[in-house]
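Note sheet for the following structure.
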Amino acid sequence: MLASSERPTSAIAEQTFALTDYDLAATLSSGQAFRWRYQDGSWVGVVAGRWVRLTQQNTDLHAQTTGAPEDWSWLRNYLQLEIPLSQIIQTFPKDEVMTTAVQASRGLRLLKQDHWECLTSFILSSTKRIVQIQQCVESLGERFGAPLPVPPGFPSRSNFPSPHRLAECTESELRDCKLGFRAPYLLEAARRIAQGHLHLADLQNASIEYARNQLMTLPGVGPKVADCVLLFAYGFPNAFPVDVWIYKAIQQLYFPKRPATTRQLQQFTQTYFGPHSGYAQQYLFHYMRTKIGRTQAL
DNA sequence: TACCAGGAGAGCG
DNA sequence: CGCTCTCATGGT
């Protein structure tokens, strides 16, 4: 732990982007990324090894970071600013469920995250609430990540630790980050990647089927975790994570008479929601979690 | 107190 | 395959 006076600090660089159909708050709090903190009307996080502060004012996105970046493509890419949302929404099925879900949170977007950080986040996600996942990911960053340059007056932040760094940890050290039974999963996954048994970057150019199978060779990575990484980090447009929320929603809304089998449900999600089914899934998930969520089953 | 949380792995028939 | 149990931890 660095003392406050030793903390790396740096001057702020600023840039403004024009947003179209973009709800920054919904996007950063939707349970796809876990290192964003909301403070005084702004979102503070870490992207591509940089401290970032984002503020949305209508169609303006005000971005601040440290140092003097030559360009802002790293942020444009992460936020997927160039994606025409209206064209994607047009491909959704025009049923009442999807229409309601889109109207409820229009502007919700998919990010393009770092492969390893995303993979780690969702290995930790199993039977945890989003708040707990955030705490675990942040704890890993604080303990094992390299401190980043941060503007004066802001809390210190660290880069997310590499597979090599986490592979050096003991299981006990990881359990201290409240990982519980997921600790040995993450440790073994980090070791395999650090040792070169699996190259995460190479899967970016592979087919979704191959990438999915490769991810699922890692401990703690089943169908749901693999699909989350394929959607949130690799950007496969038709990756469709089926968690407990989506499972209940689809069963009750689309198979009201008798529940679909696993096979039928997989066939349904692969075809019914169209070529951007991953985006449709995110709208369904966000709607279920925020609007209906804790009050009643459906 | 008892129950559950954006699952996965292992052990059954 | 399809089902069930377990795993660690914190919050209602």
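Everything numeric here is computed off the predicted structure, so don't read it as measured data. Sequence lines set the chain letters: A, B, ... in the order given, protein chains first and strands last, and positions in each chain run from 1.
Only the P atoms considered, C/dG2 is 26 Å distant from B/dG6, to the nearest whole Å. For C/dG10 and B/dA8, the P atoms lie 22 Å apart once the distance is rounded to whole Å.
At least one cation-pi condition fails for A/Arg53 and A/Trp43: the charged atom is not both under 6.0 angstrom from the six-membered ring centre and inside a 45 degree cone around its axis.
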Side-chain polar contacts of residues 210-217 of chain A - donor-acceptor pairs under 3.5 angstrom, sequence neighbours left out - could you list them?
from     : atom 1 : to       : atom 2 : distance (Å)
A/Arg212 : NE     : A/Asp227 : OD1    : 2.8
A/Arg212 : NH2    : A/Asp227 : OD2    : 3.1
A/Asn213 : ND2    : A/Glu209 : O      : 3.3
A/Thr217 : OG1    : A/Gln214 : O      : 2.5

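In summary, the side chains of A/Gln204 and A/His115 do present a donor paired with an acceptor at a separation below 3.5 Å, with no hydrogens or angles considered. In this structure, a donor-acceptor pair under 3.5 Å is absent between the side chains of A/Tyr78 and A/Asp114. Side-chain polar atoms of A/Ser73 and A/Asp71 form a donor-acceptor pair below 3.5 angstrom.
Separating the CG atom of A/Leu119 from the C1' atom of B/dG7 is a distance of 14 Å, rounded to the nearest angstrom. Computed from coordinates, the A/Asp227 CG to B/dG7 C1' distance equals 12 Å when rounded to whole Å. Atom CD in A/Gln264 sits roughly 14 Å away from atom P in C/dC1 (whole-Å rounding). For A/Asp243 and B/dA8, the CG to P distance is 10 Å, given to the nearest whole Å. In this entry the distance linking CD1 of A/Ile123 with P of B/dA5 reads 22 Å, nearest Å. Taking atom NE2 of A/His286 as the reference point, atom P of B/dG6 lies 14 Å away to the nearest angstrom. Straight-line distance from the CG atom of A/Leu124 to the P atom of B/dA8: 13 Å, rounded to whole Å.
For the pair A/Leu81/A/Thr20, no side-chain contact is recorded, criterion being any heavy-atom separation below 4.5 Å from C-beta on.
Across all strands shown, A/Ser121 has no heavy atoms under 4.0 Å from either base or sugar-phosphate atoms. A/Ile130 comes within 4.0 angstrom of a base, heavy atoms only.
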> Nucleotide by nucleotide, 5' to 3', does protein get under 4.0 Å of the base (B), only the sugar-phosphate (S), or neither (-) in nucleotides 6-12 of chain C, counting heavy atoms?
Replying inline: -BB-S--

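In this structure A/Arg35 satisfies the salt bridge (Lys or Arg N to Asp or Glu O under 4.0 Å) test together with A/Glu138, sequence neighbours excluded. For A/Arg76, there are no salt bridge (Lys or Arg N to Asp or Glu O under 4.0 Å) partners, not counting sequence neighbours.
Contacts classified as side chain to side chain donor-acceptor pair (under 3.5 Å) and involving residues 116-127 of chain A (residues at least two apart or in different chains) are given here: A/Thr127-A/Arg182.
Within residues 208-226 of chain A, no residue approaches DNA chain C, by heavy-atom distance under 4.0 Å.
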